[in-house]
Amino acid sequence: MISGWLFCALGAQTWGESISVNVDGQTRSAIVFRPSSSGAKKPAIYFVFHGLGGNARAAVRQFHIHELDQSAIVVYAEGIPAPLKQERSIRLGGRNIGLNGKNTWQIMPGQYADRDLHFVQALVKWGDQNGADSTHRYYIGHSNGSVFAWVVLKEMGKCFARFVGMNGGTLLPLNGAPQRPTFLTTGTNDRLVPPASVEKFGDTLATHNKCSGGSGSPVKTYAGANPVYLYEYAGGHMPSNDAYAMAVKFCQTGKPN
């Protein structure tokens, strides 16, 4: 469980405001961008999760969600290394990837004593305490951060309005998970997480969401009350530039294009 809360703003800079939260006795950190101007409505809030070995500052540069939606709060979360006595590698895209002290996110419920789920709970509470609109919470993750998305969906998906998973699915059974609109991306030349595996996950998610069969290109649409969209771009494991703008548009409007 979450042992306590400590929110400490370390100063707003051009790359954002650093915050710290105490989760299960461990300090976890994130970089936050607040809306460029205040309005009558509470701002939406994005929670952004980097890939294996990444960090919050790199995520700021990669995703730049705060530039794409300046009316929202954007939280770039930072992972921490896995306890090497428990885990020495992670299964990603059909491969065992060595951890070697890399920042990572749990990929199954219960892994690492749910430290990362507790971190998300802490960040959600931080958002509520800082005026975010609880009905417009969005999850965006890439690679390992995308795999973690489906753990969050299953365990606390009701807290989020929409999910974006960039280049990462899961073998985690989705039974019991809430149905949520989702935007997925994959690269035609992604050798780490092949497009076929993401498309297979898209089919699984669409079935879970009770959507119709997918159609269309480059955005495959599975229509339904909780639609699933799959964007296949020409490229590798790092999403194309337009994928981030499409992710934000999906969060804002429910459609990526």
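- T186 has its side chain out of reach of E199: every pair of non-hydrogen atoms, C-beta onward, lies at least 4.5 Å apart.
- Once rounded to the nearest 0.5 Å, the distance linking OG of S146 with CH2 of W105 reads 13.0 Å.
- Counting heavy atoms from C-beta outward, I65 and Y138 have side chains that stay 4.5 Å or more apart.
- The minimum heavy-atom distance linking A206 with Y222 is given by the pair CB-CD2, 3.3 Å.
- Between the CG atom in N130 and the NZ atom in K42 there is a gap of 11.0 Å [rounded to 0.5 Å].
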Any chance you could lay out the side-chain contact (heavy atoms from CB on, under 4.5 Å) test for V147 and F201, step after step, and finish with the verdict? CA-CA 11 Å; V147 179; F201 174 66; over 6 Å; no
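- In this structure, CE in M238 is found 11.0 Å from OG1 in T185, a value given to the nearest 0.5 Å.
- Here the side chains of P35 and S71 are not in contact, with every heavy-atom distance at 4.5 Å or above.
- Counting only heavy atoms from C-beta outward, the side chains of F47 and V120 never approach each other to under 4.5 Å.
- In this structure, F63 has its ring center at least 6.0 angstrom away from the ring center of Y46.
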side-chain contact (heavy atoms from CB on, under 4.5 Å) between M246 and V164: does it pass, once the steps are laid out? CA-CA 10 Å; M246 292 171 72; V164 175; over 6 Å; no
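- The side chain to side chain donor-acceptor pair (under 3.5 Å) contacts involving residues 205-217 comprise nothing, where partners must be two or more places apart or lie in separate chains.
- The two atoms that bring A77 and L123 nearest to each other are CB-CD1, 3.9 Å, heavy atoms only.
- Remark: Q106 CD to L117 CG distance equals 4.0 Å, nearest 0.5 Å.
- Contact of the K158 side chain with the R180 side chain is registered, since non-hydrogen atoms from C-beta on lie closer than 4.5 Å.
- Between P178 and L153, some side-chain heavy-atom pair lies under the 4.5 Å cut-off.
- Considering every non-hydrogen atom in both H237 and H142, the closest pair reads O-NE2, 2.9 Å.
- Here the shortest heavy-atom pairing between G202 and V228 reads O-CG1, 4.3 Å.
- The minimum heavy-atom distance between D114 and M108, with the atom names listed, is OD1-O, 4.5 Å.
- Under a hydrophobic-cluster definition in which Ile, Leu, Val, Met, Phe, Trp and Tyr are linked whenever side-chain heavy atoms come within less than 4.5 Å, directly or via other members, F49 and I80 are assigned to different clusters.
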List the steps and the verdict of side-chain contact (heavy atoms from CB on, under 4.5 Å) for N167 and Y233. CA-CA 11 Å; N167 304 62; Y233 58 86; 2.8 Å; yes
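- Within the 3.5 Å criterion, the main-chain N or O of V21 finds no donor-acceptor partner in the side chain of R28.
- Among all heavy-atom pairs drawn from P43 and G131, the shortest one is CD-O, 3.2 Å.
- H136 places no side-chain N or O within 3.5 Å of a backbone atom of C251 that could act as its donor or acceptor partner.
- Counting only heavy atoms from C-beta outward, the side chains of N103 and P81 approach each other to under 4.5 Å.
- Here the CD1 atom belonging to I107 is positioned 9.5 Å from the CG atom belonging to L172, to the nearest 0.5 angstrom.
- At a threshold of 4.5 Å between non-hydrogen side-chain atoms, the residues I140 and F183 do not count as touching.
- Side-chain contact annotation: S134 with D128, donor-acceptor N/O pair under 3.5 Å absent.
- R34 and E17 are joined by a salt bridge, as a carboxylate oxygen and a charged side-chain nitrogen come within less than 4.0 angstrom of each other.
- C211 SG to D203 CG: the interatomic distance, rounded to the nearest 0.5 Å, is 11.0 Å.
- Using a distance-only test at 3.5 Å, with no hydrogens or angles considered, no donor-acceptor pair links the side chain of T221 to the main chain of A223.
- With sequence neighbours left out, the side-chain hydrogen bond (donor to acceptor under 3.5 Å, both in side chains) criterion links K154 to no other residue.
- Judged by distance alone, the side chains of Y231 and D242 do bring a donor and an acceptor atom under 3.5 Å apart.
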side-chain contact (heavy atoms from CB on, under 4.5 Å) between V151 and T170, intermediate numbers included: CA-CA 9 Å; V151 180; T170 184; 5.9 Å; no
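- A donor-acceptor pair shorter than 3.5 Å can be found between the side chains of Y244 and Q62.
- When H66, R61, H50 are each tested for a side chain to side chain donor-acceptor pair (under 3.5 Å) with Y76, only one passes: H66.
- The main-chain N or O of A149 is found under 3.5 Å from a side-chain atom of Y139 such that the two form a donor-acceptor pair.
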